[in-house]
Amino acid sequence: VEALQYLSQGLSVALQPINLLFAFIGCLMGTLVGVLPGIGPISGVALLIPVTASMTSGMPAAEAATSSIILLAGVYYGAMYGGSTTAILINTPGENSSVCTTLDGYQMARNGRAGVALAICAIASFVAGLIACVGLIFLALPLAELALKFGPAAQFSLMILGLCALSSLAAKSQLKAFLMTLCGLILSTVGVDPISGVARMTFGYAEMYSGIEFLTLAVGMFALGEVFKTIVTREYASGKPVQVGSLLPSAQDLKDSTPAILRGSLLGFFQGLIPGCGATLCSFMAYTVEKKLSKNGKNFGKGAIEGVAAPEAANNAAAGGAMIPLLTLGIPGTGTTAVLMGALIMFNITPGPLLFQDHPQVAWGLIASMLVGNVMLLVLNLPMVKVFAKVIETPPTYLIPGILAISVFGVYAVQVSVFNLLLMVGSGVAAYFLAKNDYPIAPLVLALILGPMIENNLRRGMNLYNGDWVSFLSDPASMVFLTIAVLWVGVPQVMKLRGKTVLVEDA
Amino acid sequence: MKGIKVFKQPQTTRRAALAFALLATAGSMAFAQTGAYPTKPVRLVVPFAAGGPNDVMARVLAQRLTAETGQSYVVENKAGAGGVIGTDAVAKAAPDGYTLGFISGPFTMAPALQAKMPYNTAKDLAAITKVAESPMLMMVPSTSPFKSARELMDFARQNPGRLTYGSGGVGSTPHLTTELLGTLTGAKLLHVPYKGGGDSIKALMAGEIDLLIDSITSTAGPLASGRITPMAIGQSKRISKMPDVLTFEESGIQKFSMTHWVGVVAPAKVPPELLKTIHALVTKALKAPEVVQKFQELGATPVGDSSAEFKKFINDDLKKWQQTVKAANIETQ
């Protein structure tokens with residue numbers, strides 16, 4: 001009850017006209033940031049810190065801080081949403097976390113359901129944001145305890161589970177998916193080894209020291225791969241561009257996606273708690289879990305609405321979950337929350353256990369702004385769906401140069417290196433040939449993210465436990481994840497032996 | 001180390017020359033014509049990820065410089081390879097004063113750790129001024145059995161490799177600082193690198209690691225949680241914020257005075273006149289009350305010394321870390 005009282009105070013702050021305006025600007029800027037691949041929420045928020053500082057320069061300190069944080073948080077959510085727009089419309093993940101959205105979102109667009117996909121994204125993000133807020137308000141303290149319990153062993157096992165889940169992304173052949181996962185893991189070892197500091201497979205190029213940039217590869221493989229395919233197969237010559245069907249989801253669509261949204265939100269929220277887990281992994285885990293649990297599982301990859309709803313809900317809820325370690329312990333859980341923390345410090349506010357005590361206006365204003373921001377996104381984006389969906393009706397002769405321009409601009413703007421442009425084009429070409437021969441791309445791209453997390457946590461754990469691997473099994477959280485991993489891989493195999501049909505089928 | 005440097009060098013000079021030819025003319029002409037600086041936005045490259053205390057200090061400084069000069073100072077985070085990638089971008093930028101680097105400890109540590117440096121730290125970058133200093137703080141989990149830094153280090157000496165310490169990564173300030181402490185006291189501690197300072201503090205809170213030595217600027221929130229006990233402070237006097245925390249000397253550990261520092265550098269070829277102008281602008285900004293106040297809030301003290309003093313400091317530090325890395329037997333890349 002006390003929390004509700006504070007929340008209503010927070011809401012009264014967040015609903016002041018000036019703060020509504022700030023939330024609006026934030027969401028709008030965030031959506032733009034999200035649409036451009038390469039510029040992610042981290043750089044988007046960082047870029048806007050000086051802007052908010054000058055916008056709020058005349059205001060009293062506490063109010064300036066609140067308004068700025070409301071704007072910056074809006075950028076955060078906006079970027080999460082904007083990233084899925086391009087993922088759905090042109091198969092270009094605008095953010096890391098929207099890689100999973102391309103899988104079914106783009107297929108939905110090709111089936112003429114772009115509007116529905118965009119709308120369900122907005123709705124899923126909104127619901128997930130609400131759930132995360134409720135979790136944040138009522139469970140922040142006990143969950144902070146939980147977040148601390150995830151040591152290297154548990155994180156390692158969670159990543160192993162993630163790796164097992166990759167198998168369910170297999171398109172036609174388990175073997176091919178496995179090979180692609182392996183390729184991704186190998187690519188992930190490029191760069192300076194974070195534990196010993198030795199440079200690996202860099203061939204003397206300074207550009208490779210920081211490893212292969214995930215988004216460069218993802219944009220190249222998803223967006224350019226698709227572009228090359230369209231050009232080579234001369235799909236554009238056939239003349240008729242895809243038509244946009246209904247813009248709003250039907251009652252059946254909503255009914256189908258409700259469980260997906262709920263499950264995705266819960267999963268995302270709890271995973272967001274675990275530092276270093278990241279929204280990308282959350283969205284992808286939600287996708288694979290949904291594929292297993294949904295009645296519609298076999299349509300995943302062919303434009304299933306659940307395949308859009310679940311990851312979108314998860315990455316938004318994860319953003320809320322990641323706020324818990326920041327607000328209760330003063331530790332940022334994700335890159336973006338680290339930047340938000342920096343912004344707070346610039347306003348002389350130290351995030352941490354004393355935040356609620358010392359600056360309740362800021363703390364509750366921030367939480368309330370999450371609610372307001374999510375409503376704002378919904379209001380902002382539902383009418384925009386119509387506009388965005390028109391993109392899909394653009395004739396490919398104009399659309400293709402547009403996609404190329406966005407990809408090249410996005411990657412170059414952030415990396416400022418020709419090397420990364422070449423890497424992007426190269427991976428686009430590779431993706432074309434891989435897709436042509438039924439090698440799925442998603443496992444490779446996701447293994448690139450999982451690889452370093454697995455390796456670092458394993459080696460960190462080995463250091464901590466003095467080389468005793470049994471500790472990985474004795475940690476309770478770790479044990480739970482490993483058990484699920486074994487079941488994940490094992491159960492379908494057993495069922496197959498018994499002659500039952502399973503969702504993950506080999507062709 | 002030397003052999004590979006020779007291999008890298010031609011590329012460096014060629015690229016620098018190209019960049020110089022393309023941009024320097026325009027930049028220095030503008031300077032010569034009007035004598036005014038800055039006449040366009042200035043990039044302040046921060047060679048680590050956004051969000052940490054160093055990044056915050058860079059942003060506070062940039063904000064003040066923007067307010068003073070009327071030109072925007074844009075903070076650009078270029079993280080990777082222990083700060084080498086971002087610093088390299090500064091070393092190779094056009095020497096027109098419109099690209100500056102905001103560096104910290106790893107600037108002088110990297111050459112000792114990395115065999116293949118793409119630039120020469122002492123020669124390719126001009127020191128402008130040290131921006132701020134903050135003491136390093138030794139912390140243990142609140143569940144730790146050790147009551148003092150002395151007790152902990154004695155245990156570490158008698159049980160080599162039993163205690164683990166965290167850091168934000170290989171070549172970070174906490175990493176080399178703790179190695180230096182180990183060398184000074186003859187103790188062997190086991191290094192567990194995390195991804196960034198935040199993760200290492202979380203590990204300390206959870207009791208995964210036995211100790212962490214990090215800049216006081218990154219500890220305010222976590223200390224307030226009560227899960228961390230500050231044990232010793234790396235400067236000659238106790239600080240007013242934590243009057244009960246002993247200095248290392250008071251704890252019986254001599255000659256270990258460790259501060260975390262941040263500073264501004266420019267490409268070495270920036271004309272001396274322009275370097276002076278930049279120095280004047282930065283040191284003036286560091287005296288602004290709001291800057292002083294925000295730095296103090298973080299636990300840092302603004303410095304703003306002369307370029308010559310900062311240069312000497314960098315050269316001494318370069319030597320110190322070469323020796324530490326050698327003594328601690330840390331593998332160079």
Side-chain angles (χ1 to χ4, degrees), chain A residues 42-43 45-47 49-50 53-54 57 144 147-152 191-199 202 204 206-207 209-211 275-276 325-326 328-333 335-343 345-348 350-355 416 452-453 456 460 463-464 466, chain B residues 4 7-8 49-53 55-56 59-60 62-63 66 72-75 77 79-82 84-85 88-89 113-114 116 118 161 164 169-171 190-196 198-199 201-203 205-209 220-227 293-294 297-298 330-333:
Chain A
I42 298 184
S43 28
V45 173
L47 279 172
I49 290 180
S54 52
S57 57
L148 280 181
K149 293 234 157 50
F150 286 97
V192 173
D193 163 8
I195 304 287
S196 69
V198 176
T202 55
E207 288 93 343
Y209 273 48
S210 51
L326 176 70
T328 53
L329 302 170
I331 311 168
T336 316
T337 47
V339 180
L340 285 179
M341 177 168 155
I345 295 175
M346 285 188 69
F347 287 104
N348 289 333
T350 309
L354 297 180
L355 180 66
V416 204
M453 296 184 183
N456 295 343
R460 204 174 280 149
N463 263 1
L464 280 173
N466 271 323
Chain B
I4 303 151
F7 166 75
K8 280 297 283 187
D55 178 57
V56 172
R59 285 169 191 279
V60 170
Q63 216 175 58
T66 304
S72 43
Y73 279 68
V74 184
V75 172
N77 299 94
V84 168
I85 289 175
D88 189 39
L113 287 163
Q114 305 193 9
K116 299 181 201 171
T164 54
V170 173
L190 197 62
H191 180 214
V192 183
Y194 286 84
K195 198 181 166 202
D199 272 8
I201 290 190
K202 184 220 142 214
M205 282 179 162
E208 268 168 51
I209 45 175
L223 275 176
S225 74
R227 292 169 187 274
Q293 192 220 338
K294 277 180 185 164
E297 187 81 12
L298 278 166
I330 300 169
E331 199 180 331
T332 45
Q333 293 163 27

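Numbered from 1 within each chain, the chains take letters A, B, ... in sequence-line order.
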Measure distances from A:N456 to the heavy atoms of chain B and classify the residue's part below 4.5 Å as side chain, backbone, both or neither.
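Neither part.
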A:P152 versus chain B, the contacting section by heavy-atom distance below 4.5 Å:
both
Please give me the minimum heavy-atom distance between A:A46 and B:N77, naming the atom from each residue.
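The pair with the smallest heavy-atom distance is CB-OD1, 4.5 Å.
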Let's test your reading of the structure: which of [options] forms the most heavy-atom pairs below 4.5 Å with chain A?
options: B:K195, B:E208, B:Q293; result: B:E208
options: B:I201, B:I85, B:L223; result: B:I85
options: B:P53, B:P193, B:G226; result: B:P193

So, taking the atom named [atom1] in [X] and the one named [atom2] in [Y], what distance separates them when rounded to the nearest 0.5 Å?
X: A:R460; Y: B:I209; atom1: CZ; atom2: CD1; value: 10.0 Å
X: B:R227; Y: A:L148; atom1: CZ; atom2: CG; value: 5.0 Å
X: B:E297; Y: A:I345; atom1: CD; atom2: CD1; value: 9.5 Å

How far apart are the C-alpha atoms of B:T164 and A:N463, what are their side-chain angles, what is the distance that settles it, and do they pass the side-chain contact (heavy atoms from CB on, under 4.5 Å) test?
CA-CA 8 Å; B:T164 54; A:N463 263 1; over 6 Å; no
Measure [X] against the heavy atoms of chain A and call it side chain, backbone, both or neither at under 4.5 Å.
X: B:Y73; result: neither
X: B:L298; result: side chain
X: B:A224; result: both

Report yes if the side chains of A:P50 and B:Q63 come closer than 4.5 Å at any heavy-atom pair, otherwise no.
no
How about A:N466 and B:L190: do any of their side-chain heavy atoms sit closer than 4.5 Å?
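A side-chain contact under 4.5 Å exists here.
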